[in-house]
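Just so it is clear, the values below take in all heavy atoms, side chains as well, and ignore hydrogens, waters and symmetry mates. Proteins get letters first, then strands, A, B, ... in listed order; numbering begins at 1 in each.
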Amino acid sequence: MSKINSDLNLYNTSDRTVSKFVPLNPGKVGIYLCGATVQAPPHIGHIRSGVNFDILRRWLTAIGYDVTFVRNVTDIDDKILHKAVHEEIPWWAVAMKYERAFTDAYAALNVMPPSYEPRATGHITQMIQLMEKLIANGSAYAPGNGDVYLEVRKLKSYLTLSNQKLDDLQSADDADLTYKKDPRDFALWKAAKPGDPSWPTPWGDGRPGWHLECSAMAHAYLGEAFDIHGGGLDLIFPHHENEIAQSESAGWAFAKIWMHNAWVTTSGEKMSKSLGNSLQVMEILKKVRGIELRWYLGSAHYRSMLEFSFEALEESSVNFRRIEGFLQRAKEILKAEIEPSISAQFATAMNNDLAVPQALADISELVRIGNTAITENNLAALSKSASEVRGALGILGCDPFDPIFANSSSAKSEVLDGLISLALEQRNAARARKDFAASDAIRDSLTALGIIIEDTPTGSRWTVN
RNA sequence: GGUCGGAUGGCCGAGAGGCGAGGCUCAGGACUGCAAAUCCUGCUACACGGGUUCAAAUCCCGUUCCGACCUCCA
């Protein structure tokens with residue numbers, strides 16, 4: 001597991017093919033993921049992106065790479081300013097409120113904190129430096145009104161990710177050619193409007209355009225060239241195209257591989273922010289555990305649409321509980337912690353552009369083998385399959401033994417265990433004298449409390465429903 | 001108008017020329033005092049019309065339907 005596996009293949013939006021991953025620096029991987037614009041609580045679509053790229057990160061780490069993972073926070077933009085007016089609190093309070101909401105959601109789903117989580121407003125200096133560079137080399141211009149634009153007509157290449165032609169783009173209705181040389185030139189920097197937050201620059205007070213921050217921050221933390229840049233499908237154009245334009249104009253090689261996750265959809269449509277709050281992460285976590293929501297969000301391939309329904313979520317949870325139940329039984333039977341390991345089949349699946357659905361099929365097979373081993377009391381086979389199941393679940397961020405998912409203190413559990421054992425002794429005494437009415441009454445009482453009793457060849461075990 | 005993606009069984013969801021993914025649900029069986037859990041068996045699908053091929057869910061042509069992006073977006 002510590003050996004670097006050279007067989008990882010990833011899909012690159014740049015050339016729309018799956019090809020072998022070769023890091024820029026041996027043994028190291030730099031990833032920049034476009035994070036959230038913190039202007040509303042996260043819905044499950046937002047968090048799918050976090051989960052998908054967290055799985056990528058965990059897999060890269062598992063196969064031996066030293067991963068630097070950067071995920072930004074866009075804490076200044078039009079929507080945040082509008083929200084501030086609407087909520088009657090300062091813009092920075094809006095940004096912090098929803099940044100916390102995202103942080104909580106990531107934590108609830110066991111998405112690892114990034115190596116660095118830069119905020120746009122903390123990197124104005126880097127943005128100004130980038131703009132100075134772009135203006136100095138003729139790529140960008142400051143028309144004098146406080147705005148700064150990138151001149152897209154001068155680009156050697158543009159729209160390479162989305163495969164579009166500049167002249168085919170529908171021009172914006174509100175394109176103002178008073179200052180722009182071309183309607184498609186995009187703003188690196190926006191002049192301050194009265195009442196809006198602003199920062200001083202050589203071209204006047206203003207605030208960042210949306211695209212500039214990612215180029216500046218990726219450069220600050222990962223350098224001129226890095227391995228993987230990720231984000232949602234909708235960021236391909238214009239955001240990622242413009243990041244490329246800015247960065248390449250600055251002479252940076254920028255990202256080698258572009259990876260984009262697909263949507264969580266409802267009724268076949270992209271989840272929109274106007275859906276109300278029923279699909280917010282924290283609302284769904286009232287119905288299922290974080291580990292179950294993560295299992296569901298991670299279960300489809302990252303490039304496939306995931307058609308959300310509460311029925312599908314529940315089915316997925318049932319599937320997960322079967323696997324979780326197996327690991328817990330295995331731990332009890334083996335009387336030891338299960339050491340995670342990676343099966344060859346799981347590795348093959350993950351190396352194939354993170355083929356998680358295939359990996360899940362392999363996990364199901366391992367669980368079946370393990371359950372059969374329990375029946376046959378084959379501890380060696382049980383240990384092997386349990387290890388491989390736990391190892392796979394760890395990569396998927398769904399290890400039920402991960403302390404982050406623990407739901408009760410051990411001291412409390414000991415008391416509970418003592419009490420239930422007392423009841424089970426009574427029940428087993430009744431069963432021994434074939435007083436099944438009495439034994440079933442005890443089981444029914446426990447069931448009513450949410451405690452499930454299972455009789456096994458080696459005795460009765462209990463779990464909390 | 002331009003660009004990109006999709007349609008798979010009751011449901012979710014892989015695959016991408018041949019050897020039935022997997023899960024969930026449902027039905028039957030084994031085990032069990034009865035359950036639960038587990039295991040076994042069954043439910044043979046790929047939008048439509050052509051074509052290529054010994055062989056097509058997969059490739060080609062056409063059609064229908066659905067969705068995404070085109071300067072707010074995970």
Colleague: Look only at the side chain of Asp399(A) and the backbone of Arg390(A), and say whether a donor-acceptor pair between them is shorter than 3.5 Å.
Modeller: no
Colleague: Please list, in numerical order, the residues of residues 420-438 of chain A that have a heavy atom closer than 4.0 Å to any atom of RNA chain B.
Modeller: Arg427(A), Arg431(A), Phe436(A)
Colleague: Which part of the nucleic acid does Leu159(A) contact within heavy-atom distance under 4.0 Å: base, sugar-phosphate only, or nothing?
Modeller: nothing
Colleague: Is it the case that C70(B) (base atoms only) and Arg184(A) (side chain only) share a donor and an acceptor within less than 3.5 Å, ignoring hydrogens and angles?
Modeller: no
Colleague: Under 6.0 Å between ring centres: does that hold for Phe308(A) and Trp263(A)?
Modeller: no
Colleague: By nearest atom, which of the nucleotides G23(B), U25(B), A37(B) is closest to the Val318(A) side chain?
Modeller: U25(B)
Colleague: Take a 6.0 Å sphere around OH of Tyr116(A) and say whether it holds more than 12 heavy atoms from other residues, nucleotides or ligands.
Modeller: no
Colleague: Name the closest nucleotide to the His46(A) side chain, picking from G22(B), U71(B), A74(B).
Modeller: A74(B)
Colleague: With a 4.0 Å cut-off on heavy atoms, is Gly45(A) in touch with a base, just the backbone sugar-phosphate, or nothing at all?
Modeller: base
Colleague: Starting at atom CH2 of Trp263(A), determine the distance to atom P of G13(B), rounded to an integer number of angstrom.
Modeller: 17 Å
Colleague: Between Trp295(A) and Phe320(A), how do the two ring planes meet: parallel, tilted or perpendicular, split at 30° and 60°?
Modeller: tilted
Colleague: Distance check, P atoms only: U41(B) and C59(B), in whole angstrom units.
Modeller: 32 Å
Colleague: From the options U38(B), A74(B), U71(B), select the nucleotide whose nearest atom is closest to the side chain of Asn261(A).
Modeller: A74(B)
Colleague: Given the C1' atoms of G62(B) and C43(B), what is the spacing between them in whole Å?
Modeller: 35 Å
Colleague: Starting at CD1 of Ile369(A) and ending at C1' of U38(B), how long is that distance when rounded to a whole Å?
Modeller: 15 Å
Colleague: Indicate, with a heavy-atom threshold strictly under 4.0 Å, whether Glu311(A) touches base, sugar-phosphate, or nothing.
Modeller: nothing
Colleague: Dot-bracket for RNA chain B, 5' to 3', with Watson-Crick and G-U pairs under 3.5 Å, [ ] for crossing pairs and | for other-strand pairs: what is it?
Modeller: (((((((..(((.....[...))).(((((.......)))))....(((((..]....))))))))))))....
Colleague: Please report the distance separating the P of A47(B) from the corresponding atom of C12(B), rounded so that it comes out in whole Å.
Modeller: 14 Å
Colleague: Base, sugar-phosphate alone, or nothing: which one does His260(A) contact when heavy atoms must sit under 4.0 Å apart?
Modeller: nothing
Colleague: Asp455(A) near the nucleic acid: base, sugar-phosphate alone, or nothing, with a heavy-atom cut-off under 4.0 Å?
Modeller: base
Colleague: Do Ile55(A) and Tyr302(A) pass the side-chain contact (heavy atoms from CB on, under 4.5 Å) test, and can you show the C-alpha distance, the side-chain angles, and the key distance before you say yes or no?
Modeller: CA-CA 10 Å; Ile55(A) 291 172; Tyr302(A) 74 92; over 6 Å; no
Colleague: Should Arg322(A) be listed as having a side-chain N or O under 4.0 Å from OP1 or OP2 of C39(B)?
Modeller: yes
Colleague: Compare side-chain N and O positions of Ser162(A) against OP1 and OP2 of C70(B) and report whether any pair is under 4.0 Å apart.
Modeller: no
Colleague: Nearest-Å distance, NZ (Lys165(A)) to C1' (U71(B))?
Modeller: 20 Å
Colleague: Quick one: on RNA chain B, does Ile452(A) or Glu314(A) contact a more 5' nucleotide (nearest heavy atom)?
Modeller: Glu314(A)
Colleague: By nearest atom, which of the nucleotides C69(B), A74(B), G2(B) is closest to the Gln164(A) side chain?
Modeller: G2(B)
Colleague: Please give, in whole Å, the distance from C31(B) C1' to Ile374(A) CD1?
Modeller: 15 Å
Colleague: Would His123(A) and Tyr221(A) count as a close aromatic pair, with their ring centres under 6.0 Å?
Modeller: yes
Colleague: Considering only the C1' atoms, how many Å lie between U3(B) and G18(B), rounded to the nearest integer?
Modeller: 36 Å
Colleague: Calculate the interatomic distance between Met305(A) atom CE and C65(B) atom P; express it in whole Å.
Modeller: 19 Å
Colleague: Tell me whether the NZ or CZ atom of Arg71(A) lies within the 45° cone about the ring axis of Tyr106(A) and under 6.0 Å from its centre.
Modeller: yes
Colleague: Establish, with yes or no, whether the OP1 or OP2 oxygen of A74(B) is under 4.0 angstrom from a side-chain nitrogen or oxygen of Thr37(A).
Modeller: yes
Colleague: Is a side-chain donor or acceptor of Glu241(A) paired with a backbone partner of Ser162(A) at a separation under 3.5 angstrom?
Modeller: yes
Colleague: How far does the C1' atom of A57(B) sit from the matching atom of C46(B), given to the nearest Å?
Modeller: 4 Å
Colleague: I need the CH2-P distance between Trp295(A) and G13(B), as an integer number of Å.
Modeller: 15 Å
Colleague: Indicate yes or no: does Arg321(A) engage Glu324(A) in a salt bridge with an N to O separation below 4.0 Å.
Modeller: no
Colleague: Okay, side chain of Asp455(A), backbone of Ser460(A): is any donor-acceptor separation there less than 3.5 Å?
Modeller: no
Colleague: Regarding Gly35(A), tell me which of base, sugar-phosphate or nothing describes its non-hydrogen contacts under 4.0 Å with the strands shown.
Modeller: sugar-phosphate
Colleague: Rounding to an integer number of Å, can you tell me how far Glu324(A) CD sits from U38(B) P?
Modeller: 12 Å
Colleague: Spell out yes or no: do the side chain of Arg443(A) and the base of A35(B) have one donor N/O and one acceptor N/O closer than 3.5 Å?
Modeller: yes
Colleague: Decide, yes or no, whether a salt bridge links Asp78(A) with Lys190(A) under the criterion of side-chain N to carboxylate O below 4.0 Å.
Modeller: yes
Colleague: Describe, in one word, how the ring planes of His229(A) and Tyr32(A) are oriented to each other, choosing from parallel (under 30°), tilted (30 to 60°) and perpendicular (over 60°).
Modeller: tilted
Colleague: Between atom OH in Tyr296(A) and atom P in A14(B), what is the gap in whole Å?
Modeller: 11 Å
Colleague: Are Arg303(A) and Tyr11(A) in a cation-pi setup, meaning NZ or CZ lies under 6.0 angstrom from the ring centre and within 45 degrees of the ring axis?
Modeller: yes
Colleague: Considering only the C1' atoms, how many Å lie between A45(B) and A56(B), rounded to the nearest integer?
Modeller: 15 Å
Colleague: Determine whether any donor atom in the side chain of Asp440(A) lies under 3.5 Å from an acceptor atom in the base of G33(B), or the reverse, and answer yes or no.
Modeller: yes
Colleague: Report the nucleotide, chosen from A14(B), G22(B), G13(B), that has the shortest atom-to-atom distance to any side-chain atom of His301(A).
Modeller: A14(B)
Colleague: For atom P, what is the distance between C11(B) and G17(B), given to the nearest Å?
Modeller: 27 Å
Colleague: Considering every strand and a 4.0 Å limit on heavy-atom distances, what is the contact class for Arg16(A): base, sugar-phosphate, or nothing?
Modeller: sugar-phosphate
Colleague: Is there a side-chain polar atom (N or O) of Asn163(A) under 4.0 Å from OP1 or OP2 of C4(B)?
Modeller: yes
Colleague: With a 4.0 Å cut-off on heavy atoms, is Glu307(A) in touch with a base, just the backbone sugar-phosphate, or nothing at all?
Modeller: sugar-phosphate
Colleague: NA contact type, Val356(A), heavy-atom cut-off 4.0 Å: base, sugar-phosphate, or nothing?
Modeller: nothing
Colleague: For Ile453(A), answer base if it contacts any base atom (sugar-phosphate contacts may also be present), sugar-phosphate if it contacts only those atoms, and nothing otherwise; contact means non-hydrogen atoms under 4.0 Å.
Modeller: base
Colleague: Angle between ring planes, Phe226(A) versus Phe254(A), binned at 30° and 60°: parallel, tilted or perpendicular?
Modeller: perpendicular
Colleague: At under 4.0 Å between heavy atoms, what does Asn371(A) touch on the DNA or RNA strands: base, sugar-phosphate, or nothing?
Modeller: sugar-phosphate
Colleague: From A68(B), C40(B), C12(B), pick the nucleotide closest to the side chain of Arg368(A)?
Modeller: C40(B)
Colleague: Side chain of Leu235(A), heavy atoms from C-beta onward: which of A37(B), G2(B), A74(B) has the nearest atom to it?
Modeller: A74(B)
Colleague: On a whole-Å scale, what distance lies between the P atoms belonging to G22(B) and C65(B)?
Modeller: 35 Å
Colleague: Out of C69(B), U38(B), G33(B), which nucleotide sits closest to the side chain of Ser439(A)?
Modeller: G33(B)
